[in-house]
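Contents: one structure, followed by commentary.
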2 protein chains.
Amino acid sequence: MMMIMIEVKRASSRRREIAHMKVSREQMVENRRRILEAAGRLFRARGFEAVTVAEVMRAAGLTHGGFYGHFRSKDDLIAATLAELVVAPEPEPTALSDFAARYLSPGHRDNPGDGCPVAALVSETIRQAPEARAAMTEGLRRQIARLADGADAVDPKAARQAAIGSWAAMVGAVIFARMSDDPDLSDEVLAQTRAWIARGA
Amino acid sequence: MMMIMIEVKRASSRRREIAHMKVSREQMVENRRRILEAAGRLFRARGFEAVTVAEVMRAAGLTHGGFYGHFRSKDDLIAATLAELVVAPEPEPTALSDFAARYLSPGHRDNPGDGCPVAALVSETIRQAPEARAAMTEGLRRQIARLADGADAVDPKAARQAAIGSWAAMVGAVIFARMSDDPDLSDEVLAQTRAWIARGA
DNA sequence: TACGATACATGATGATGATCATGTTTAGAG
DNA sequence: CTCTAAACATGATCATCATCATGTATCGTA
């Protein structure tokens, strides 16, 4: 859930130094990583549509022209970013209630850019290209499995039900909390959802 | 949750008949209603960004030029549409479990255009103008109150907690179900969330 | 009944942003 | 050490909108 901050200043000055330069193979790999990292942060913070290709490249310390050397299209970048964010990470086992406590915290609500990509992007992913939906669907499968492992239920069926219900509630609650323009209601949604989940985990 | 279908064909031919015509006061009121109706359907089906002003007007049987006689801007239309969809309707009392059963049905999942505006649009509303967020927040308040009324809980505190937790789970589950490209997983999310809510309602 | 305001149609305008075209330079093959 | 292809920068292009400008015909007032 946390994110490595990249040094934008450094990247920016580096760009000047290496202007008009073919870059080493490892530098290119590093550049691709930066692009995905920047895209992950920007997409989560502002959504797929609102973020421009040029902006992602700038945040990665490059200019817009080089983009199509790394990705076929913006759709391609979106799919790759989702794959990176939701299917690449190794799932760590966690107790469901611990996870819910962190997930439903004001800190998470207030920092979408380095928060859960599902809460930030599921809804938009509905209308994205098949590859993007596939990545998000795979992420959903894994998250359900992970939470079912961390649920203390009597049997696997009950664990899976708790995982699905709790996960839906967590994501819904964070979306509500981010949308609300009333801070008290926002806090209440987080706290009550957490209590509601604890009651049945 | 249901919607009145407007006769697009009829509206379209009517447009031809009344080309270049100042319209009666009641016709203008009717036109505004049609615009909001069309916007409600299109926004829910495809999101705020993907729908163009011209398209809304066309669906309402008019052309793009007249739009600014009714609304100050597209943002203004968005706010007005949300107000219409989520705060205007008179809340009918419903048992929470009955409501959840309808809400978590495949029929609702498969017809966003005449389905719940919250499931379709909360997430995008986070980045909309203050008026839009205010309308959606007010809708959230009312829905929580309505569901709390319909919950059979021992005390009002428990009812409110059940309302918030269940509502977050319902919206999250419908979003998941719409996003999933795996029909089995999609169905499972709906069914399990419904069971999970029933367990604690 | 005549006229002025208005509701809408048609046709710009201007900005934005994805994608392409071209140039420069050096990494890395030979 | 040479050359060539690659990687990125700069500068188009082209489409898509939101919004504005103008014209027309009728509604509703006087």
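Note that the structure is a prediction, hence the values are computed from the model and not measured. By convention in this document, chain letters (A, B, ...) are assigned in the order of the sequence lines, proteins followed by strands, and residues within each chain are numbered from 1.
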Is A:Val51 touching bases, backbone alone, or none of the nucleic acid, heavy atoms closer than 4.0 Å?
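Since only primed, P, OP1 and OP2 atoms lie under 4.0 Å of A:Val51, the category is sugar-phosphate.
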Reckon B:Val29 touches a base, only the sugar-phosphate, or nothing at all at heavy-atom distances under 4.0 Å?
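No contact.
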Can you figure out which of [options] approaches the side chain of [X] most closely?
{"X": "A:His64", "options": "C:dA12, D:dT10, C:dA7", "answer": "D:dT10"}
{"X": "A:Leu62", "options": "D:dC17, D:dC8, D:dT10", "answer": "D:dC8"}
{"X": "B:Thr52", "options": "D:dA18, C:dA9, C:dA18", "answer": "D:dA18"}

Can you find a heavy atom in the side chain of A:Ile164 that is under 4.5 Å from one in the side chain of B:Glu188?
yes
Would you say the side chain of A:Trp167 lies within less than 4.5 Å of the side chain of A:Leu96, judging by non-hydrogen atoms?
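A side-chain contact is absent here, since even the closest heavy-atom pair is not under 4.5 Å.
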Tell me the interatomic distance from [X], atom [atom1], to [N], atom [atom2], rounded to whole angstroms.
{"X": "B:Arg32", "N": "C:dC8", "atom1": "CZ", "atom2": "P", "result": "11 Å"}
{"X": "A:Glu49", "N": "C:dT16", "atom1": "CD", "atom2": "P", "result": "17 Å"}
{"X": "B:Phe48", "N": "D:dA18", "atom1": "CZ", "atom2": "P", "result": "14 Å"}
{"X": "B:Met28", "N": "D:dA25", "atom1": "CE", "atom2": "P", "result": "21 Å"}
{"X": "A:Arg58", "N": "D:dA9", "atom1": "CZ", "atom2": "P", "result": "12 Å"}
{"X": "A:Glu26", "N": "C:dG28", "atom1": "CD", "atom2": "C1'", "result": "13 Å"}

Charged N-O contact under 4.0 Å between [X] and [Y]:
{"X": "A:Arg127", "Y": "B:Glu124", "result": "yes"}
{"X": "B:Arg25", "Y": "B:Glu30", "result": "no"}
{"X": "B:Arg146", "Y": "B:Glu92", "result": "no"}

Where each residue is assigned the nucleotide of DNA chain D containing its nearest heavy atom, which of B:Ala50 and A:Arg25 is assigned the position nearer the 5′ end?
A:Arg25
Give me each pair satisfying side chain to side chain donor-acceptor pair (under 3.5 Å) with a member in residues 168-186 of chain A, each pair once, sequence neighbours excluded.
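Checked against side chain to side chain donor-acceptor pair (under 3.5 Å) - neighbours excluded - the pairs reaching residues 168-186 of chain A are A:Arg109-A:Ser186, A:Asp181-B:Thr137, A:Asp182-B:Arg141.
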Using only atom types and a distance under 3.5 Å, with no angle test, would you say the side chain of B:Thr125 pairs donor to acceptor with the backbone of B:Gln128?
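Side chain of B:Thr125 to backbone of B:Gln128, a donor-acceptor pair under 3.5 Å: no, none is there.
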Short side-chain N/O contact from B:Asn31 to OP1 or OP2 of C:dA7, under 4.0 Å
no
Pull out every residue in residues 66-81 of chain B that has a heavy atom closer than 4.0 Å to any atom of DNA chain D, ordered by number, or say none.
B:Tyr68, B:Ser73, B:Lys74
